[in-house]
Every structure is written in structure tokens, then in C-alpha cells.
Amino acid sequence: MITQRSLYTAHVGIVCLLMVFSVCSSAGTSKINGCIEKEKNALLKFKQGLGDESNVLSSWETKTDCCQWRGITGNNETGRVIMLDLSHNISDVFSEEQPLSGGIIPSLVELQYLSYLDLSFNSFDGLEIPNFIGSVALLKHLKLASVGFVGTIPHQLGNLTDLHTLDLSMNIELNVTDLDWLSRLPSLRYLNLSRLNLSEVVDWSQSINKLPYLLELRLSSCGLTNVNPSSFMLNNFSNSLELLDLSDNHFDPSIFYWLSNISTNLVQIGLSACQMKGPIPDVFTNLVSLVSLDLSYNQLEGGLPKSFRKLCSLESLNLWENRLSDRLYDSVKNLSCSEKTLKHLLLSGNPFWGPFPDLTKFTSLVELYIDGTNISGPLPKSLGQFSKLDSLSLVSNKLNGSLPDFSGLSSLRLLFLSNNQLSGSVPESLGQLSSLEVLLLSSNSLDGILTEAHFSNLSRLQSFDISQNPLSLNLSSDWIPPFQLDSVVMISCKVGPAFPKWLLSQRKLRSLHMANAGISDSIPEGFSESLSSLCKSQSPSLSHLDISDNQLSGEIPSCWTQFQGLLFLNLAKYNFSGKIPNSLSHLPNVMLLRLHENNLSGEMPSLEGCKELRVVDLGRNRLSGRIPSTLAGQNLPKLLVLRSRHNEFSGSLPLSLCSLPALHVLDFSHNNISGVIPKCLNNMTAMSYEVTDNIILGFVQVVWKGIEIEFGQNLKLLRSVDISSNSLSGVIPENITNLLKLVSLNLSRNNLIGGIPNFDKLSLLESLDLSRNRLSGSIPTSFSSLNFLSYLDLSYNNLSGRVPLSTQMQSFNASSFTGNLQLCGPPLTKYCPGDDIDQDRGQVTDSGGSNENEEDDNGFITFGFGVSVGIGFFVGFWGLCGSLLLNSSWRHAYFRFFDDKKELICKRARALLKPILQREH
């Protein structure tokens, strides 16, 4: 029954609704004409103080309504400016818009109703936070993140008593010594001081404690250390704080006890990279509202504590890169209460062990990352039934057995199973994953044949890697895939014999790696035609192309000028013939060019249009002619590696090579180069000093200490010059010793003459080969100071004199000096001709020296000395021999002793006589 009271209540409700509607309607229709003139002028003054390279504030004009300007929001009723948002958008990495700069003029104080101010991610480098901001009395939101402020935080900010949001993060030059001014901001809900140095703030936790309504506190990377748990026993915000991020500070596990006391409403905790060691304490009983817990990149040990069983609201658990070594099944068991809520489980980089855990009850899982652990055994069939799973990554474990049926993973976007021991065939159910974008199966033992059925419904597939598996890809050349690929990696798979034309025909393809893919088609038309189809598209996107180490033949296509975005090109070990197309010299962004170990002929390309080149490898071809003078610093300012060994280049080394400022490796060995070594080689800057841009791309083969090996990232430390096995003549330039960073120098097998320079300034030199030239003179004594020299070859020259005496030089084998007929001394020979041996002192003396000591010795041997020696000999001889003649037992013992030692004495005598006999011979 409807009562009179209920009718009255209904009438009152209707009247209230009508009144609200009326107010809202009037508010929407009674907008005044434009903003307040005083505030417009204040904003124009503010604009005058700013640097605006991209004309961001072009809409700020005198004749227009300031409430319509970019970044300005006004009150529709009053015309007052209430919001100023000029933050620079850093999320759009492709934007060419430059951030604002300059100064911040105090005219903003005239915006008396301003409640929101955001200048984040602009460039006010070197400025201090203006004091006048503390006078904008109605401010509720102040965001000044990452603008380059220096100095101290003005205490005037404490006057903003209505402030709800304060973000001063990432102003790393700010000097913060106290946070007492925070206590005057009682309305603060959000505080972000991340990446400010708070290490000098005394009792920072007490300052934060005085904010009764704080909901979010972000203090990551602030140089904070351990807190006293008792300091928050009577805290003011114990019932308000929901988000706490203290990542990248320095705490021990006592921080957990502090957390368990401060709030039962905590929803999100971030303690990543806090250098915490030991087990995770069992203190999570009170944090029943916790939704997200990040403890990644610490050194926590053991397993998950039992108090995790109370975290019934947990949705995200990140334990990435710790030392948790529990059996994975036991740790997962302590997450039983969150089986229905857990969405993100990130356990990668821990030495968990045991079989793959049973996760069938975790029905809400969206992300599962268990990379780099010790879990082993087969994948359970239940893994293929997680319908909500978006990302599954089990890379670098010890998983074996076959792949399960994937048909139930209807939401899966990312599937990473690389570097395990999985075997058997790939199930065709993989082709039913219509949401799949990235597939990584590399470095397993998967076999069988992949057909169109494996890709039939993968309409969203962007990238796949099936490298290092004995898989065969059997897709017809006229097959039309349902996807547009971005990246393909099929290294060491069986793709051949025909080149898969459909790969290069995809316009979105950015990266293609098919090294050693078994392609053996003798016709390159498949490659040429597919490349041509890309050339015809308006904006080919190919940036990485590696089809090296296959057996295709023919010529390199000439359609390269269309690939202006190409960064990496590897056509090595491909059996290409003919000339290198000139179009390869006009790739403005290419960083790596590898054409080595083909059958290419003709001249070397100029490469003058490739200003981003870091690595050029043309070794082991049949290239001829002169080395182009366009290989110069103005054309190739970033070139790190220039390798063209085993070709047929002739002429002299161009002087332009000396102007390559970043060069780390120069290798023109095994050519027909003649002339002299340029004296300007010491102008190669990186050979003498460190360079800032030394990004190494992949592996580079370098002859190191006589052996050809591959260098990767450690190539940054290598400086090598190899122009061996040519027809160079003249002397070794003295200023080559100014290449202070030089680690390896090989000038062997040329026709160089003259002496060896002093290499004592090359303190980093580890490998030096000057063998098989016509060098003369002595070996400089400065070689003894080359402490890092571990490989030396001076053999087969015309060197003379003594090998310098030092621990370093005598450690080399005699083969390092052989073939120099007038060279002597250890390790080549024990003595030099004319040396006198002082038997008593074991020293070698030069017979060409002074005779003063010799005369003294002759004066010492007098007539009395001779008589004394004779009497001593007579007494000693007959004292011994007489005893042996008279006593038979002594005689037999003596001769037995003599027989035992005879062989040893003979061996030692032969060892002493051997070098003398060799020298006479």
C-alpha cells in the first residue's frame, strides 16, 4: 500500500530533480562572452617568457577567447581560467613537437581561480621552482614532473592548503633536505616525489605521516633507507593509503613489518629493486585488500610465505629476478585464496624447481611468466585450456615432451616457449589461435613439417621465430597468408628449396632473418621478384634483412634505393656473383652491411650516402680496383668496422681512411695493395681516444693473435689495424705509435724496411705481428714495457742484436724471432756471439769490454798461490784415494754411488754443451 508519507517523499524527490535539472540547464546555456581580459593578458605575458620552437601556443592570440586556447579550460559561467595544462606528450615518440622552454613569469598569480596547473615534461633546465606558485591559493592539482628544476623546494608550497595532487617527480637536480612543509597540506591525496634525492631528509616517514587523507604515495628511486616500523604505530593515514611505491630504494625485509602496520586498505605495493635479501616474512595477514604486489629485482630467497593465503583479492604478483628456490608447486599452493582473482603471475628469473605446477584453478590468469627457472618435465594438457590467458612465457627452462593442444587459448596474444627441450611435432591446433600476435618456438627439438594448416586462422600474427629447430616449412610459393607479418626468424630451419616469395611480398614486414635456412634454389628470381614487389609499394618498411649462409646463386638485385628505412643487411655466404649494385651506396639509415664470403667482383661501392654505417664487411670476395677515396670521415662519420680482407684490391691505401673518426677495426689484409703506409693513420680518432658512439651490431670476424675469431659487444674495447699480406713498402711510420688505444697491429707479409719504432706508448697493445718483412736493426728495448703484449711475431726479417731482456720478452716462443740470422739471446739462443761466461756468478759478459778485471785476475795468480794449490791437491787426492785402496767396503760404496749419479751428470753435461754446439754449427 502506498502511504501518504511515501507520496510526500516521492513529490519532494521529483521537485529536487527538477531543480537540479534547471540549474544544470542554466549552467549549460548561460556562458558569458569570452574570458576575463585581465587573465588573458596574464596568459599572454606568461607566453612571452616561454621558448616555443614548435609554435605549440600558436592559438594564443589577442583577438581570440583565451578559453579556446590550447591547454586552457575556463569556467562556462564566470569565464575564469580554472585549468592550465601545457604538459609535453612524451608518449608519442614519433612526434616532432618540441617541449616548451624559457622561464615561468609570475603573471600566473593573476589567475586567481586556477585549480589545475600542469607543466610536466617541458624543459626549464636550470630554473628553480618559482616561489609565487605558493600564492595561487585555489590550486588543487600541481604537476611539475621532469622539467629540469634545480635548487630547493620552496616552503611556500605549504601554503596551498587545498592541494590534492602534487607531482614533482624526476627533477633529479632538486636539493631536498626536509619535508616539513608537507605537514601544511592536509588535503593532499596524491604525492609523487620519485627520483628526487631524499637521502638527506631526516625522518622522512614522520613527515609523510602527517597527511591524513593520502591515498597514493610514490617515492621510487629516492635514495631512501630503512624505516623504523614503530614510527608508524600511531600514523594518521593508516586507514586511507591505497597505493605505496617505494621501488629502487634500499630496504631490508623489516619494511614488511612496517607495511603490515600502516594500513589494511593497501591495494598496491611496489618494492621493486630495493636490494632486499633473505626470505619474505610471513606478515601479510592484515593486507587483505591487496590487489598488486611487486617485489621484483631483489635478492629474496626461499618461497612464498603461508600468509599469502590471506591475499584473497590479489590480482598481480611480480617476483621477477629474485633468488626464490622453493619447489614451484609448494609456492603456488600458498596462492590458493587468489585462485579466482589472480590475473598476472610473474615468476621469471628465480631458481624454482620441480615439475610445471597445476594451475587449473587459476581461471582468471591473463599473464603467466615463468622464464629462466629450473622447472622441468612435460607441459600439462590443462595449459591449453586457459581461455583468458593473454601472454604465456616459459622461455629458458628444462621443459620437455610434446606441445599440448592449444585450441582452448582463445585470447592468447603472446606465446614464448624458446630455449627448452620440447620435441615432437607442432600441433595444428596452433593455427586456431585467432588472437595470436607473437610466436617464439626457437631453440628446441621440434620437428615435422609446418603447413598452411598451422597458420590458417592466425589473422593477427605479426612475428614468429622457429629458429634452431629441425623443422621444415612447406608452404607453397603461391600461398596467400591470412596475416601481415612484422618480423620473421627462421634461422637454421629447413625452408628450401624454393625461396618463399610470400614473405617479402608483405608490406608490413620489417625484419626477416633466414640465415642457414637450407634455401638451395639455383634461381634468384624468387628473391628478386619478391624484393621488386616491395619496391613497388609506396613506403617499404623493411629494416632488417638477413638471408645469409644459403645456397642461392645469381646477382644481387639493384632495387635498394626504395628501402630508405633499411638498417641491417646481411647477404653473406650466399654465393652471389657479379657486381655490388651502386644502389647500396644510397641507403641513408643502413648501419650494417655484410656481403662477405660470396663471389662478388668489380669495384667496391662508394658508400658515400650511408652516413649511419657502423659495420662494413666485404671480405672473401673477388673485388678489385682501387679502394675508393669516398671512404672518408665526412661520408662515414660513425663507421666502426671496415673489413675487406681476401680480395684483389690494388693501388695504395687512400689518405681518406685517416679521416674516419670512429674506426675500431681496419682490415684490408690479403689484397694486392702497394705503396707506403700513410703517415696520417694517427688521425683516426677512435684509435687514440674513447668515442661516445660505439654501438656494436652483432658479431664481427677479426684475426686476433693469429686466429680468426668473432667479436660481439667486446669489440667496443678492441682497436685493430690489419693490412698484412699485401705489397706495402717503405718504413713503418713513427707516428703509428700515437694510436694509444691500439690493441692489435698486423703488418706482416709485406715489403717493409727500416727499423721497428718504439711502441712503448701503446700500453694496451696485446698482439703485434711484423713478421716476413725486411725490417732491420735491433728490437727496441721499450718492448720490455709492453705489459699486456701476449702475442708477438717478428720472425723472418733482418733484425740483429740481442733480444731485450725482460720477463715479458723471454716468455715468447723462439718461433717469434726465428728467421733473423743476426738476432741472438733468449729465447732464440742462450748466448750471443762474443759473450764470456762467468762460471762462478753465472753471468754473461761482453768480451769487447774493458780488460781491467782480467788484469786483476792475472795478478792474483802468483807463485805462492800455485804451490799452495799443488800441496792441497796432493793431500786431498791421496787422502781420498788412499782410504779407498786400503778399505774395500768404502771403495765398493764409492763406486756404487758414482755409477748411480753418472747418468744424471752426463745428461746435465749434454744440456750445457748443446747451445754451444748449435752456435758453432
Side-chain angles (χ1 to χ4, degrees), residues 87-88 90 99 101 104 117-131 133-134 142-160 163 165-185 188-211 214 216-229 231-232 235 237 241 243-255 258-259 262 268-277 294-299:
S87 58
H88 180 64
I90 60 172
S101 58
I104 303 176
L117 175 61
D118 190 352
L119 301 176
S120 298
F121 305 108
N122 286 294
S123 296
F124 301 120
D125 296 342
L127 296 181
E128 295 187 356
I129 300 177
N131 295 342
I133 291 181
L142 177 60
K143 299 182 179 181
L144 301 173
S146 188
V147 294
F149 282 139
V150 300
T152 60
I153 300 176
H155 288 191
Q156 287 86 346
L157 293 186
N159 299 332
L160 303 174
L163 204 63
T165 300
L166 177 60
D167 187 352
L168 303 177
S169 62
M170 292 184 284
N171 290 287
I172 59 177
E173 297 296 326
L174 278 178
N175 180 27
V176 187
T177 56
D178 72 82
L179 295 174
D180 290 342
W181 51 273
L182 283 174
S183 62
R184 307 203 308 271
L185 303 177
L188 206 61
R189 268 72 168 174
Y190 176 95
L191 176 62
N192 191 349
L193 302 179
S194 296
R195 299 199 67 184
L196 271 62
N197 186 1
L198 305 182
S199 60
E200 296 183 9
V201 178
V202 178
D203 209 353
W204 59 269
S205 57
Q206 287 289 359
S207 300
I208 306 295
N209 186 37
K210 298 174 182 178
L211 303 174
L214 196 64
E216 294 191 27
L217 176 60
R218 298 181 182 271
L219 298 176
S220 64
S221 305
C222 288
L224 301 176
T225 55
N226 291 323
V227 295
N228 182 2
S231 65
F232 274 82
N235 62 82
F237 64 90
L241 193 65
L243 185 149
L244 177 64
D245 185 3
L246 298 176
S247 300
D248 196 19
N249 288 289
H250 191 178
F251 298 117
D252 61 39
S254 66
I255 187 72
W258 176 69
L259 290 174
I262 65 169
Q268 183 173 337
I269 297 176
L271 289 172
S272 175
C274 285
Q275 304 179 48
M276 292 187 293
K277 300 178 181 179
D294 186 354
L295 302 177
S296 60
Y297 296 98
N298 284 289
Q299 300 172 44

Interatomic distance, Leu144 atom CG to Ser120 atom OG [nearest 0.5 angstrom]:
6.0 Å
Return the set of residues passing side chain to side chain donor-acceptor pair (under 3.5 Å) with Asn171 (not counting sequence neighbours), or none when no residue passes.
none
Do Leu191 and Leu185 make a side-chain contact, defined as non-hydrogen atoms from C-beta onward lying under 4.5 Å apart?
no
Output all residues satisfying side-chain contact (heavy atoms from CB on, under 4.5 Å) with Thr165, sequence neighbours left out; order by chain, then residue number.
His141, Lys143, Tyr190
Interatomic distance, Leu179 atom CG to Leu219 atom CG [nearest 0.5 angstrom]:
8.5 Å
Restricting to side-chain contact (heavy atoms from CB on, under 4.5 Å), what partner residues turn up for Pro130, sequence neighbours left out?
Ile104, Phe132, Ile133, Phe149
Decide side-chain contact (heavy atoms from CB on, under 4.5 Å) for Ile129 and Leu168; before the verdict, give the C-alpha distance in whole Å, the side-chain angles of both, and the deciding distance to 0.1 Å.
CA-CA 10 Å; Ile129 300 177; Leu168 303 177; 4.3 Å; yes
Under 3.5 Å, which donor-acceptor pairs link side chains of residues 268-275 to any protein atom two or more places apart or in another chain?
| residue | atom | partner | partner atom | Å |
| --- | --- | --- | --- | --- |
| Ser272 | OG | Ser296 | O | 3.2 |
| Ser272 | OG | Ser296 | OG | 2.9 |

Under the rule for side-chain contact (heavy atoms from CB on, under 4.5 Å), what residues qualify as partners of Ser183, not counting sequence neighbours?
Lys210
With rounding to the nearest 0.5 Å, note down the distance linking OG in Ser101 to CG in Asn122.
8.5 Å
With sequence neighbours excluded, tell me which residues meet side chain to side chain donor-acceptor pair (under 3.5 Å) with Asp252.
Asn226, Ser254
Side-chain donor-acceptor pairs of residues 150-159 under 3.5 Å, sequence neighbours excluded:
| residue | atom | partner | partner atom | Å |
| --- | --- | --- | --- | --- |
| Asn159 | ND2 | Gln156 | O | 3.4 |

Test side chain to side chain donor-acceptor pair (under 3.5 Å) applied to Ser220 - qualifying residues, sequence neighbours left out
Ser194
With sequence neighbours excluded, what pairs up with Tyr297 under the side chain to side chain donor-acceptor pair (under 3.5 Å) test?
none
Using a 4.5 Å cut-off on heavy atoms from C-beta on, say whether the side chain of Asn249 contacts that of Cys222.
yes
CG (Leu224) and CG (Leu196) are apart, to the nearest 0.5 Å, by 10.5 Å
Heavy-atom distance under 4.5 Å between the side chains of Phe121 and Ile90, does that happen here?
yes
At what distance, to the nearest 0.5 angstrom, does CG of Leu127 lie from CD of Glu173?
13.0 Å
Give, for atom CG of Asn192 and atom CG of Asp245, the distance between the pair rounded to the nearest 0.5 Å.
8.0 Å
According to side-chain contact (heavy atoms from CB on, under 4.5 Å), who are the partners of Arg195, at least two apart in sequence or on a separate chain?
Met170, Ile172, Ser221
Can you list the residues that meet the salt bridge (Lys or Arg N to Asp or Glu O under 4.0 Å) rule with Arg218, with sequence neighbours excluded?
Glu216
Any side-chain to backbone donor/acceptor pair from Asp178 onto Val201? Under 3.5 Å, distance only.
no
